Amino acid sequence: MLAALRLYTRHVRFSRGRGLFVRAIEQLKRRGWPPPRTPIGLGLEMEFEPSLLGWTTFERGEWEPQQTELVLRLLPPGAVVLNVGANTGYYALLMAATVASTGGHVHAFEIQPDVADILRRNVVHNGLQNHVSVVERGCYSSVGDAAIEIPGDPGSARISFGSRGNRVPLTTLDRYADDVGLPRVDFVFVDAEGADLEVLRGASD
């Protein structure tokens, strides 16, 4: 099915036929079939899901290639990484695979329960459960809670203090590091849909 869809998307306009493909996947999953997986490099695979990231990695085999190369090049051996806004795990998986052999660890923060579930499955599927901690919390400049706002694509979910909806607990990176007893933090990767500055304000230590 994946080979057929890749051939289809090479010759048919970007958005056509996607709904049929997604519905077929959901029906197969309900019958016990595993979801299709997409290679992302370093021998890793991600569960396909119909977000911009999911479609892009499926069709192109990569996501933000220049940024990906830069991030992996900057990681020191054995790095302790905080990945805020991990989504389904593209960067978390690649970073964990890069530092795993030298004792590194990635702490991956994701606010959406359904997305965090996919992230966990991706971690286990790639055998990285000893090198990735999935943290189902938001990060901000103060501790508290906020609503989850999803304006469109699941990858654009963000925290909101002025809307109603499902709530997510908030922590600061300083508080989290204290709570889990991190001896150090070597690398921080933030993609928090507009809350990035507040996340850094909560990481002053």
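Keep in mind that what you see is a predicted model, and the values were worked out from it rather than measured. The figures here come from the full heavy-atom set of this structure, side chains too, leaving out hydrogens, waters and symmetry mates.
Panel note: side chain E149, backbone R158; no donor-acceptor pair is recorded below 3.5 Å. T102 contributes no side-chain N or O that, together with a main-chain N or O of P77, makes up a donor-acceptor pair within less than 3.5 Å. The backbone N or O of T172 lies less than 3.5 Å from no partner atom in the side chain of D174, so there is not a single donor-acceptor pair. Checked by atom type and distance alone, the side chain of S156 pairs as donor or acceptor with a backbone atom of D153 at under 3.5 Å. Using modelled atom types, one side-chain atom of D186 and one backbone atom of V80 make a donor-acceptor pair closer than 3.5 Å. Of the possible polar contacts, none joining the Q112 side chain to the D114 backbone as a donor-acceptor pair under 3.5 Å is found.
Checking each of L82, V188, V134 against H107 for a side-chain contact (heavy atoms from CB on, under 4.5 Å) leaves exactly one that passes, namely L82.
Taken to the nearest 0.5 Å, the CZ atom of R60 stands 13.0 Å off from the CH2 atom of W55. Between R37 atom CZ and F58 atom CZ the span is 14.5 Å, to the nearest 0.5 Å. The SG atom of C139 sits 12.5 Å away from the CD atom of E198 when rounded to the nearest 0.5 Å. To the nearest 0.5 Å, atoms CG (L94) and CG (N126) are separated by 9.0 Å. A distance of 11.5 Å separates CZ of R167 from CD1 of I111, quoted to the nearest 0.5 Å. Note that the CZ atom of F48 and the OG1 atom of T57 stand 8.0 Å from one another [nearest 0.5 Å].
With a 4.5 Å cut-off on side-chain heavy atoms, V71 and E69 do not count as touching. Inter-residue side-chain proximity for V185 and L173 is flagged as unmet; no heavy-atom pair is nearer than 4.5 Å. R201 has its side chain within reach of L197: a pair of non-hydrogen atoms, C-beta onward, lies under 4.5 Å apart. At least one side-chain heavy atom of Y91 sits less than 4.5 Å from a side-chain heavy atom of T68. At a threshold of 4.5 Å between non-hydrogen side-chain atoms, the residues L52 and W63 count as touching.
Follow the hydrophobic side-chain contacts under 4.5 Å out from V180 and you reach V84 in the same cluster. I159 and V199 fall into different hydrophobic clusters, where Ile, Leu, Val, Met, Phe, Trp and Tyr side chains are chained together by heavy-atom contacts under 4.5 Å. At a threshold of 4.5 Å between side-chain heavy atoms, the hydrophobic network of Ile, Leu, Val, Met, Phe, Trp and Tyr places L72 and L74 in one connected group. Follow the hydrophobic side-chain contacts under 4.5 Å out from I118 and you never reach V123; the two are in separate clusters. Placement of L42 and F187 within a single hydrophobic cluster is found when ILVMFWY residues are connected by side-chain heavy-atom separations under 4.5 Å, directly or transitively.
When all heavy atoms of A108 and A92 are compared, the pair lying nearest together is CB-CB, 4.1 Å. Across A97 and L44, no two heavy atoms sit closer than the pair CB-CD1, 3.9 Å. In terms of heavy-atom proximity, S133 sits nearest to H105 at OG-NE2, 2.7 Å. When every heavy atom of N122 is checked against every heavy atom of E47, the shortest pair comes out as OD1-N, 2.8 Å. Shown here for Y176 and V135, the closest heavy-atom pair between the two residues is OH-CG2, 3.4 Å. The heavy-atom pair separating D191 from D196 by the smallest distance is CA-OD2, 3.8 Å.
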inquiry  = Pair Y90, I40 - check side chain to side chain contact (heavy atoms under 4.5 Å, CB included), show working.
reply    = CA-CA 8 Å; Y90 174 82; I40 61 169; 4.0 Å; yes
request  = Apply the test side chain to side chain contact (heavy atoms under 4.5 Å, CB included) to residues R137 and L170: give CA-CA distance (whole Å), side-chain angles for both, the deciding distance (0.1 Å), then the verdict.
outcome  = CA-CA 6 Å; R137 297 186 221 170; L170 300 180; over 6 Å; no
task = Dump the intermediate steps for side chain to side chain contact (heavy atoms under 4.5 Å, CB included) on L93 and L128, then the final yes or no.
result = CA-CA 8 Å; L93 295 172; L128 292 169; 3.9 Å; yes
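In the model, E45 has a side-chain atom that pairs as donor or acceptor with a side-chain atom of H125 under 3.5 Å. In this structure, a donor-acceptor pair under 3.5 Å is absent between the side chains of Y140 and T171.
Ion pairing between R120 and D117 holds under the 4.0 Å rule for side-chain N and carboxylate O.
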